[in-house]
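Accompanying notes for the structure given below.
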Amino acid sequence: MWQKLVENSLIGTAKLKLQKEELPAFLNEFLENSVFTDEESLFLQATSFANLYLESGALPPTFEGVIDDSKFEETKAFAPKKFSKILAYILDSSIYLPKEYLLQLWLNKLIVKSWVVDSSNINTILEFGNKLSNKSKSSIYEAVGKKGQWLLALRKDLNYQVSEDSQIWDEGDNAQRKVLFEELRKSEPLKAMEFLEKTWKTESITTKRAFLEIMDSTLQETDYSFLDNLWKYEFLPKANEKETEKTCRALVVKMLLKFEKSEMFQIFENGITPYFQKKKKSGLMGFVTGKEEIILDLPVEEDHFWSKTNILSILGINSNPSQSAIFSALSIYWLSEIMSLVPFGFWERKLEKSTTEALNYLLKDEQFKVVLEGKKYSILLSSIIQNAVNTKNQTLIASLLPMVDKDDALPLVGAVSTELFEQYVSKNNLWIDAQVFAQRAHVEEKWSLRFSEKMVVKIYEDATKNNIYLSENITKICAKSLHIGAFQFLGKADVDINNYQAKHYQRVFYEPLFQFKEIMSNIEKYA
Amino acid sequence: MLNIYLRPNSETNSLLKFTDQQIESLVTDPASLKAGKGLSAKSKWVSFAYNERVMWGEIKGSGAKPYRTQIDIKSIAFKCSCPSFKFPCKHSIGLMLLNANEYDSFENAIPEPDWVKEWIDKREAKAEKATESEVEKTEEEVLKADKQKAKRVNERVANVEDAVAELDLWLKDLVRTGTLTLPSKGIQYFENLAKRMVDNKASGLAGWVRALGNLDFQNETWKTEALSIISKVSLIIQAFRNINNLNPELQYSIKSLLGWSQSSKELLEDTNAFTLKDEWLVIGQETENMEDLIIQRNWLWGTKNNQSALILNFGTKFSPLTNSLLSGSILEGELSFFPAVWKNRAVLKQQKGFIEKLETPPTTMANWLEVFAHRSKLLSIYPWATDIPMVLANARFVMDGTKGLVVDQNKHYQLLVVSIDYNKILNLMAIMGNNALTIAGILRKDGFLPLGVFENNEYIIIPGNVAKTS
């Protein structure tokens, strides 16, 4: 009936008169009693009546699909309202604060207390977490409880890796597997190696290379036997060796060189030992005392050990130095490569020197120096710095730091212990140096109260009185690492005076850190 | 004056306590909300306190003197000495959030400082004046006033009759030539006709005309929607022509449809008006931005009498809405209903106080069939009934492809209204999860607008905008 009326209305009664015979009897009866006689009035009466009739008699449609009526048996309680409110403060906190760090603290507390995120915050936290690390995502997934997990399954716009690790390893694509492997190398190294060993034989050579590269950047003591096996049985030099296979062997060898107990290392040690020779000390000391010292006497030309073939097959090191002008002989180039890998203790032992003495020798001996544009440079310096950074050898770093300028020291600052870092900053008065503090961005640490207090006071003085520009990046690092007791020394700048630096300090340092302190103390209230 | 006081909502502490969701419902601008959150820490405020009628605080701003912020908590209104033109400004939002977060820190201060007292006294005096009965008049003055009133009514009747006649002619013309001509007419065509309706004091008819012009002509459904609107307008015209033969309540209803209703002031003065005392739960709010007008609809549910009510607030670009109701709050008070066959639109006559929690769960409709039967009953007495407030038990949210549905225990369902904000759907999902719960909302012609959910005797407002622009 209604459809007929709609069609009639579209065409208009001038062209198509109301088709009364198409209407139900009750409607016709109604129209027969109508006071109207013109076609349009009758049509309007008919539609008014029909519309009311249809609306009044309408029934709700029936859902034909399957309803998932499983109940969520949430075993955990919703977080208390006051605690939940802290989340809003974190998400709305200053852009100069490490929000993910704060969120993780909040999530950790929530999980420890066996609470789940309350309903009104589920979408907010899921959306915020979508761009965070997998570690945060994993905590959020646990924190939102069963209702949140149900919602997440429906929200295709959010990318949460909620599968089991083993499922990702077995069924994920290479990118997902690499991410998982890298994360597990940091969090659960044994599990990472268990996964890798399980599928190693079936992996393609390019995938193997990718995993070896991750291993190289996250090398651990427990990797030794796996690598040793690869070196002995899989990546032996052979005819028609593919480039990727050569790269893999080089990676394995580089890693094994870091293990003094390895067979590979023994071969290396046997090969290089003859080049450590005793020599009478140079200069007046040698002349007067007649004492001898051990030096590393490298050949200028290739010989049985220092040869392209040998170095490549044993050590996997290629012989194409990118900056050939620096190296007076290939042996020095190879040494610089080896120097970045082999634990520094080896050189100390072989040279029979302390760390500082060995460094003095390797950095200052004339055979290891090059003159560029009239200035002398230590050829081995960058390799030794790399070694120190990779091995986090604190004795080596402590000895190196005073010997290098600030630019060369930057990578070391990222690897140094908290204690050494504090000493370095204090000694060199680097309290407001953004470059130096940027090296600590990924270090989880808490500075001592004394250092933290001094830091807060110095930054206040430099920024508000000495007119030094304060980088906002320092705020994030300070928020994470300052001793909680130092917040009481946080100075408030007098922003009424017309001083840009003071206002800047207030905006990017004081106010965010004050907010951070409040959030922290609110979280900590829930013991 | 309105006899208003706020009842303590717990034995240990005092007065009104804002909730985050209520505050969010009062703020239409996300940037202000964010700025307000930044000012909601106790440490930001030099002083803050409140009592049964007003909340106030002083906060350090960029000037030498702190800003002074005041909130009328009986009939929500804001005042701040800051230069912002926004209502509420970030300081008012900050103060409300501070109240929500640090409720126990608020001092119940009587009397208020002079600067607060001056403002709140003025507001109360104004409210008193607005509801005061007119001064006694002489017989002559009464006769004169009645005459003038009768003259005004006659003029209005003549105007409305002109509007009805024009629209009737227009409708017939449209029916004769066919509605296929509608998509090509352009929005201005409908707007011009609507303006003529407004000029003839029939703003209600203007709304129907605009609804025709606002149809989505890209969507095939416009054909049936257009005829539905035409049939309803035609029914209004027929009813108006027969108005003298209808009962008084239906007469009021028809006049109201034409845009000719009693003022709130007249209603409050009307001793014969239907009033109802109850504990009224504000189940939700919707703000519609029309060209020059902002209409805020507040839906209330009488938890004891099961009576629904609609309270409208109006604002313009230059005179913002006065948000006198807070979504999710339960106010103990009396409403006056505009005379109508479907008693729905009301004004707040007397507010005794706020109640923190429902004592018992509300009486609900068991399923969609019951809701539809209720609607049929309403349509039989008032064929234009729409936006029907309802509380449905055992409702479950189901995502069917890209469509959100609310399904009852018999698997009957209603789609969510098309205009619903996506965030509101997400929040609905987060609150309901997979559970069958009692849900409150509005039944519209194009579906269901969810407003809140009852869980453990607590009413949870579904956050998210329901603002629509016409």
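A, B, ... follow the sequence lines: proteins, then strands. Residue 1 opens every chain. All values reported here derive from a predicted model rather than from experimental measurement.
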task = Could you tell me the separation between the CZ atom of Phe43(A) and the CG atom of Leu227(B), rounded to the nearest 0.5 Å?
result = 5.5 Å
Any donor-acceptor N or O pair under 3.5 Å, side chains Ser234(B), Gln45(A) = no
ask   = Which atoms form the tightest heavy-atom contact between Pro61(A) and Gln414(B), and what is the distance?
value = CD-NE2, 3.6 Å
task = Report the distance from atom OG1 of Thr62(A) to atom OH of Tyr413(B), rounding to the nearest 0.5 Å.
result = 8.0 Å
message = Within this structure, what is the CG-CD1 distance for the pair Leu5(A) and Ile230(B), rounded to the nearest 0.5 Å?
response = 11.5 Å
query = Are Lys85(A) and Asp20(B) ion-paired here, with the side-chain N under 4.0 Å from a carboxylate O?
reply = yes
message = For a quick test of reading the model, state the closest non-hydrogen atom pair linking Gly65(A) to Lys411(B) and the distance between them.
response = O-NZ, 2.9 Å
inquiry  = Rounded at 0.5 Å granularity, tell me how far CE in Met399(B) sits from CG in Leu154(A).
reply    = 8.0 Å
key: Side-chain donor or acceptor of Asn123(A) paired with backbone N/O of Leu426(B) under 3.5 Å   = yes
query = So which part of Thr177(B) gets closer than 4.5 Å to some heavy atom of chain A, the side chain, the backbone, both or neither?
reply = backbone
ask   = Do you know the tightest heavy-atom contact between Tyr89(A) and Ser40(B)?
value = OH-OG, 3.3 Å
remark   = The interface call for Arg176(B) against chain A, heavy-atom contacts under 4.5 Å, is both
ask   = Is it true that a side-chain atom of Asn434(B) and a backbone atom of Asp68(A) form a donor plus acceptor pair closer than 3.5 Å?
value = yes
ask   = Do Lys44(B) and Glu518(A) sit within salt-bridge range, that is, some charged N less than 4.0 Å from a carboxylate O?
value = no
note = So, the part of Lys223(B) with a heavy atom under 4.5 Å from chain A: the answer is both
Heavy-atom donor-acceptor pair, Thr179(B) side chain to Ser9(A) backbone, under 3.5 Å = yes
note = Heaviest contributor of heavy-atom pairs below 4.5 Å to chain A, chosen from Leu379(B), Val175(B), Leu174(B), Asp408(B), is Val175(B)
inquiry  = Quick check on Leu405(B) against chain A: is it the side chain, the backbone, both or neither that has a heavy atom closer than 4.5 Å?
reply    = side chain
task = Examine the side chains of Ser48(A) and Lys232(B) and answer whether a donor and an acceptor come within less than 3.5 Å of each other.
result = no
task = Decide side-chain contact (heavy atoms from CB on, under 4.5 Å) for Lys445(B) and Glu55(A); before the verdict, give the C-alpha distance in whole Å, the side-chain angles of both, and the deciding distance to 0.1 Å.
result = CA-CA 9 Å; Lys445(B) 187 141 195 279; Glu55(A) 268 193 33; 3.0 Å; yes
note = In this structure, OG of Ser228(B) is separated from CH2 of Trp2(A) (nearest 0.5 Å) by 5.5 Å
inquiry  = One pair to check against side-chain contact (heavy atoms from CB on, under 4.5 Å): Lys172(B) and Asp38(A). What are the steps and the verdict?
reply    = CA-CA 10 Å; Lys172(B) 284 179 183 166; Asp38(A) 65 293; 4.0 Å; yes
inquiry  = With chain B as the partner, which of Ile67(A), Ile122(A), Leu16(A) has the greatest number of non-hydrogen pairs under 4.5 Å?
reply    = Ile67(A)
query = Is it true that atom NZ of Lys185(B) has more than 12 heavy atoms of other residues, nucleotides or ligands lying nearer than 6.0 Å?
reply = yes
request  = Indicate the atoms forming the closest heavy-atom contact of Lys82(A) with Asn101(B), along with that distance.
outcome  = CE-O, 3.4 Å
ask   = Under the 3.5 angstrom rule, does the side chain of Lys147(A) hit a backbone N or O of Ile431(B) as a donor-acceptor pair?
value = yes
task = Can you measure from CD1 (Ile237(B)) to CG (Leu44(A)) and round to the nearest 0.5 angstrom?
result = 8.0 Å
message = Counting neighbours of OH on Tyr53(A) that are heavy atoms of other residues, nucleotides or ligands and sit closer than 6.0 Å, is the number greater than 12?
response = no
request  = Select one option (side chain, backbone, both, neither) describing which atoms of Ala373(B) are under 4.5 Å from chain A's heavy atoms.
outcome  = neither
inquiry  = Are Pro60(A) and Leu369(B) packed together at the side-chain level, in the sense that at least one heavy-atom pair is separated by less than 4.5 angstrom?
reply    = yes
